[in-house]
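What follows is one structure encoded as structure tokens, with my remarks underneath.
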Amino acid sequence: MNQVDYLRISLIDRCNFRCQYCMPEGTELDFIAPDNCLSAEELLTLLQAVFIPLGFSRFRLTGGEPLLRPDVVELVRAIACLPQVEDLSMTTNGFLLSRLAPDLYNAGLRRVNISLDSLDPQIFRQVVGGRSDRWTQVWAGIQAAHAVGFDPLKLNVVVIPGVNEHEVLDLAALSIERQWHIRFIEFMPIGNAGLFGERGWVPSEELRQQIRDRWGLTASQVQGNGPADVFQIPGAKGTIGFISQMSECFCDRCNRMRLSADGWLRPCLLNETGQLDLKTSLRSGVPLPELRNQVQHLLMLKPEINYKGRESGTAGASYTRTMSQIGG
Ligand code: SAM
Ligand code: SF4
């Protein structure tokens, strides 16, 4: 059984982008009222009194857009200096990163994943919505993160059939000259299941074949702890990873849980059963050892809860929360 030691923490469910595959423009989203989000103090209490004693040592801050949270730098500082924290990282859309990268780095953050679905500002706009200068701003955020010294610096690409599929080689090429790590993610039918019709995702193997045909591709020596299968173009400084949750189910090696901004602990991304409302328990005075017992029990149940219905490469379940609400 995998040691579950990795917690993805959603700091906020709101976002300044409206990605087609996550919270598309025009859809009604019921955002969590600020009072219903875990405060910094509550989050730190849960980390110190519940998660860390149960063996969690790796944490990723995500959202929604984590950089929209006003206390994000202070939170990073507080978590990074907990002695048991072995790894602290963040996933961001990068829009506010050119301003915040130095403060985040000085607060102790060292690893960042930035979502970049296209190198073409017009296609980027089509994916994320909003004004046409967004690509330029995100690219400036990536450059700022590079300049400050985030390492590894990873770029997340959700591959959308008919939209950015043709850019796979250009995006993969970013790993050649710089120590940037590109992560191609298969689109999941969470949040906007009906969007891409029949061919909802491009299997990772198709992408690997394109890259192989162009430059060759070898398995990387460093595989990491996550769900990505990591490869390298021969001689490249960075790597190329594939997160293939649709075509190559990796639920049996799942090592993570997710904590939503309103304090729901979720053992499996694709199965909604077993969730614990830690915020309500905390606010109603449930003693911390009792909360720890409840989470420990959930850890024991997790192998049973982990999603098992996708062996066929289909996603049969329906989801009441989007990736931005769960903390993708
Ligand atoms: N706002 C930040 C960002 O976009 O990087 C962090 C939150 S976002 C929910 C985290 C990651 O989930 C992003 O890399 C995004 O591309 C990915 N994501 C969101 N919806 C998805 C979906 N339906 N299928 C696959 N990946 C998705
Ligand atoms: Fe916002 Fe990230 Fe969702 Fe895009 S994927 S809408 S940037 S939370």
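Whatever order the structure lists them in is the order used to number ligands and atoms, beginning at 1. Just so it is clear, the model here is predicted, and its values are computed rather than measured. For the numbers below, each heavy atom of this structure counts, side chains included, while hydrogens, waters and symmetry mates do not.
Residue G64 places a heavy atom under 4.0 Å from ligand 1. Ligand 1 lies out of reach of R183, whose nearest heavy atom is not under 4.0 Å from it. Contact between S115 and ligand 2 is absent, with no heavy atom of the residue lying under 4.0 Å from the ligand.
Residue C19 does not count as close to atom 3 (Fe) of ligand 2, with no N, O or S atom under 2.8 Å.
The N/O atoms of Y21, backbone and side chain alike, include one that comes under 3.5 Å of an N/O atom in ligand 1. Distances between N or O atoms of E65 and those of ligand 1 include at least one value under 3.5 Å. For a threshold of 3.5 Å applied to N or O pairs, the pair formed by P66 and ligand 1 contains no separation below that value.
Of the listed options C22, S115, G94, C15, S115 places a heavy atom closest to atom 14 (O) of ligand 1.
A cation-pi contact links R208 to F242, judged by a cut-off of 6.0 Å to the six-membered ring centre and 45° from its axis. For the pair R266 and W264, the cation does not sit on the ring face, since its NZ or CZ is not both under 6.0 Å from the ring centre and inside 45° of the axis.
D35 approaches R283 most closely through the heavy-atom pair O-NH1, 2.8 Å. Counting all heavy atoms, side chain and backbone alike, A33 lies closest to R14 at CA-NH2, 4.3 Å. Residues E248 and S204 approach most closely at OE2-CB, 4.4 Å, considering heavy atoms.
Looking at C15 against ligand 2, only its side chain comes within 4.0 Å, counting heavy atoms.
Atoms of ligand 1 lying under 4.0 Å from any heavy atom of G63, numbered from 1 in the order shown and given with element: 7 (C), 9 (C).
Counting heavy atoms of neighbouring residues, nucleotides and ligands inside a 6.0 Å radius, atom NE2 of H297 does not exceed 12 of them.
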Checklist entry - Can you list the steps and then say if Q209 with R212 is a side chain to side chain donor-acceptor pair (under 3.5 Å)? => result CA-CA 5 Å; Q209 195 55 48; R212 222 177 265 129; 2.7 Å; yes
